[in-house]
Protein chains: 2
Amino acid sequence: MFKPVTIKDIAKALNLSTSTVSRALRGGYEISEETKQLVLNYAEKINFKRNPIALSLKERRSYSIGIVVCEVANVFFSQAIDGIESVAYKRGYHVIISQSHDRYEREVTNIEHLANRSVDGIIISLAAETKNYEHIERLNAQGLPIVFFDRILESMETHKVTSDNRQGAFEATEYLIKRGCKRIAHVANAEQLSITAQRKIGYEDALKKYGIPVNPDLITYCEHGGREQDEVEQAVATLLAMPEKPDAFFVASDRLSMGCLSALKKYGAENILVSGFSNSDVVELFEPSISCVRQPAFEMGRIATEMLISLIEAKYPVDEYETRILNTEFKPIGT
Amino acid sequence: MFKPVTIKDIAKALNLSTSTVSRALRGGYEISEETKQLVLNYAEKINFKRNPIALSLKERRSYSIGIVVCEVANVFFSQAIDGIESVAYKRGYHVIISQSHDRYEREVTNIEHLANRSVDGIIISLAAETKNYEHIERLNAQGLPIVFFDRILESMETHKVTSDNRQGAFEATEYLIKRGCKRIAHVANAEQLSITAQRKIGYEDALKKYGIPVNPDLITYCEHGGREQDEVEQAVATLLAMPEKPDAFFVASDRLSMGCLSALKKYGAENILVSGFSNSDVVELFEPSISCVRQPAFEMGRIATEMLISLIEAKYPVDEYETRILNTEFKPIGT
DNA sequence: TTGAAAGCGCTAACAA
DNA sequence: TTGTTAGCGCTTTCAA
């Protein structure tokens with residue numbers, strides 16, 4: 001069926017050996033300009049392309065990197081992917097995207113799929129449901145380069161990129177306080193995620209700064225990251241049903257933010273002030289509205305990829321790792 | 001660095017030949033139950049995985065399929081991707097996603113990247129800017145299985161999946177007419193896209209049915225698919241500046257719909273009624289609001305993948321091709 | 001039932 | 001400067 005031309009075909013046609021052809025193709029030294037042009041012209045004519053699979057087998061690397069995110073339909077992640085692609089392509093790498101849908105099993109399957117010599121390294125943001133990290137630790141121990149972004153695994157020794165989740169959460173909460181809110185609920189992501197912990201600290205710090213007591217009842221975790229809208233609606237309903245209803249919501253992620261706004265609308269609680277993490281580009285269209293903490297998603301992807309490629313191409317084993325924390329930006333409603 | 005175990009390691013450890021190990025691993029016949037178990041147990045113990053690259057080279061296929069869409073940040077496409085993945089994984093295929101960002105050059109690059117023996121087939125929705133199809137036609141002629149979905153290439157003989165764009169557009173336009181609108185503008189995608197033509201026909205059919213003259217001045221094409229918001233704002237501004245201002249908009253795609261709503265809000269024209277194609281799941285939060293034509297994106301992805309795999313795994317050359325047209329669903333505002 | 005050997009497409013020592 | 005050859009990991013005839 002699909003039968004691409006090989007180096008052998010060229011060799012035969014030109015009456016050369018495959019190695020000569022190979023050398024000519026890769027612009028080698030040790031070859032006469034004449035032969036080289038001959039080969040190059042012919043290759044061009046018949047539209048020859050090196051077989052990347054054979055190359056991979058030979059070089060024992062694939063020039064492709066794997067990405068694992070919870071889902072591409074999430075603006076934050078699709079922007080991050082754009083950032084990843086921007087440097088990957090420039091450096092000659094393919095990008096293979098896979099989605100965990102915030103499920104542990106999917107994450108394991110995807111990583112194993114990617115790992116087994118078909119990618120040279122992996123960039124990952126953990127699934128909300130992941131609590132066991134063996135699948136990643138094992139690969140890392142085997143020497144597969146892994147870089148974390150966004151939802152990182154603190155305990156693993158490798159490069160990491162996050163945004164300043166603490167500060168972002170602080171600003172979002174402070175904004176609500178300054179707008180006069182006193183009972184600020186926090187709809188959080190799965191408890192074990194790094195970002196959840198950081199954002200919670202920021203939230204609490206803001207409350208403390210203004211002398212507002214931290215009330216654990218006002219904090220709800222969505223263990224599945226809001227994978228099903230039910231989960232979020234449940235959380236919102238519970239908060240709204242409290243004897244002393246919250247007067248504001250601080251929401252910890254893009255998906256949760258959308259879910260909360262929907263739920264608030266559904267329950268007719270549009271008057272409640274909302275701020276939260278979201279990279280949506282149509283946020284100004286939302287009603288009820290939301291003040292957003294923006295993460296530099298593209299930049300995070302870019303940096304994570306630089307880091308990964310530096311690991312992949314490192315001549316000597318790397319033992320100094322870096323954690324980059326990028327600034328967030330706060331956008332109050334209507335700006 | 002990363003050094004996975006090979007079949008050879010197993011052979012050495014167990015004092016067998018590589019061929020025996022290979023046979024045992026793939027549950028072959030011609031092998032004693034005893035040896036088989038021995039190998040299987042050992043392989044399990046050391047967590048052996050076959051090297052997919054070597055396999056690909058050998059079998060001359062990669063068990064992976066390539067996808068080209070304009071962007072994953074678009075809900076329609078991310079849903080379609082979920083559909084594609086759902087069947088691909090079940091059938092043992094990897095999925096490699098790439099984005100054209102509606103640019104012709106990116107589409108060409110991506111396709112060539114994917115094609116050269118690293119994928120067994122391609123599922124594609126054309127970039128808005130693509131007007132020349134040689135890059136696809138050549139591959140198809142070479143025997144690489146290709147399936148189109150959404151933005152199809154009518155002239156190519158292969159399987160295709162679309163939704164009923166004509167009917168969807170008809171319903172969206174008819175709705176506006178029934179709400180009393182008389183001057184309905186149409187913000188369309190790039191003119192050469194299959195979906196643009198179909199949706200325009202649906203729009204015009206509806207107008208004709210109700211005796212409203214088709215006014216070409218009310219139709220604006222966005223040649224870049226709304227890749228930059230400027231393009232959409234320009235289109236909206238021009239329409240709003242007409243001596244007889246339109247009283248409604250029919251918008252032809254998800255991206256354009258978002259862009260139009262933003263632009264309408266910006267120009268203070270929220271009173272204009274809007275309907276259009278959109279698979280957004282937070283559409284009820286939008287202000288101004290929009291009535292949506294929903295496409296069965298997941299289903300389209302699913303079917304396209306079934307089709308592609310049937311082409312890939314076909315024992316004999318296929319020469320009967322199918323075009324599936326799926327129904328859309330119309331959701332008036334507030335339902 | 002097992003092993004030896006060839007080959008998928010390519011590169012790189014080594015020889016000529 | 002060019003060709004010969006071995007080998008990347010795996011499967012698969014063919015022989016034993």
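Each chain gets a letter, A, B and so on, in the order the sequences are listed, and its residues count up from 1. Values below: every heavy atom of this structure, side chains too, minus hydrogens, waters and symmetry copies. Keep in mind that what you see is a predicted model, and the values were worked out from it rather than measured.
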Nearest-Å distance, [atom1] ([X]) to [atom2] ([N])?
{"X": "A/Leu57", "N": "C/dG9", "atom1": "CG", "atom2": "P", "value": "12 Å"}
{"X": "A/Leu25", "N": "D/dT1", "atom1": "CG", "atom2": "C1'", "value": "17 Å"}
{"X": "B/Glu30", "N": "D/dT13", "atom1": "CD", "atom2": "P", "value": "9 Å"}
{"X": "A/Arg60", "N": "D/dG9", "atom1": "CZ", "atom2": "P", "value": "4 Å"}
{"X": "B/Ile53", "N": "D/dT11", "atom1": "CD1", "atom2": "C1'", "value": "17 Å"}
{"X": "B/Leu55", "N": "C/dG9", "atom1": "CG", "atom2": "P", "value": "15 Å"}
{"X": "B/Arg61", "N": "D/dC10", "atom1": "CZ", "atom2": "P", "value": "18 Å"}
{"X": "A/Arg23", "N": "C/dG9", "atom1": "CZ", "atom2": "P", "value": "20 Å"}

Relative to the 5' end of DNA chain C, which residue comes earlier, A/Arg50 or B/Thr18, by the nucleotide with the nearest heavy atom?
-> B/Thr18
By nearest nucleotide on DNA chain C, pick out whichever of A/Lys49 and B/Asn15 is the more 5' one.
->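 Residue closer to the 5' terminus by nearest nucleotide: B/Asn15.
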Looking at the side chain of [X], which of [options] is the nearest nucleotide?
{"X": "A/Arg26", "options": "D/dG3, D/dC8, C/dT11", "value": "C/dT11"}
{"X": "B/Ser19", "options": "C/dG3, D/dT4, D/dG9", "value": "C/dG3"}
{"X": "B/Ala54", "options": "D/dT1, C/dT2, D/dC10", "value": "D/dC10"}
{"X": "A/Thr20", "options": "D/dC10, D/dG3, C/dG3", "value": "D/dG3"}
{"X": "B/Asn51", "options": "C/dG3, D/dT2, D/dG9", "value": "D/dG9"}
{"X": "A/Lys8", "options": "D/dT11, D/dG7, C/dC8", "value": "C/dC8"}

Are B/Ser32 and C/dT1 close enough that a side-chain N or O sits under 4.0 Å from OP1 or OP2?
->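 No, because none of the side-chain N or O atoms of B/Ser32 sits under 4.0 Å from OP1 or OP2 of C/dT1.
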Is there a side-chain polar atom (N or O) of B/Ser17 under 4.0 Å from OP1 or OP2 of C/dT2?
->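 Indeed not, no polar side-chain atom of B/Ser17 lies that close.
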Taking 4.0 angstrom as the limit, do B/Asp120 and B/Arg61 come out as a salt bridge?
->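 Salt bridge: yes.
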Mind checking whether B/Tyr104 and B/His224 have ring centres under 6.0 Å apart?
->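 No.
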Flag the pair A/Tyr63 / B/His113 as yes when their ring centroid distance falls below 6.0 Å, and as no otherwise.
-> no
Given side chains that start at C-beta, do those of A/Leu55 and A/Asn51 come closer than 4.5 Å, heavy atoms only?
->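 No - every pair of side-chain heavy atoms lies 4.5 Å or more apart.
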What class does the angle between the rings of A/His94 and A/Tyr89 fall in, given that below 30° is parallel, 30 to 60° is tilted and above 60° is perpendicular?
-> tilted
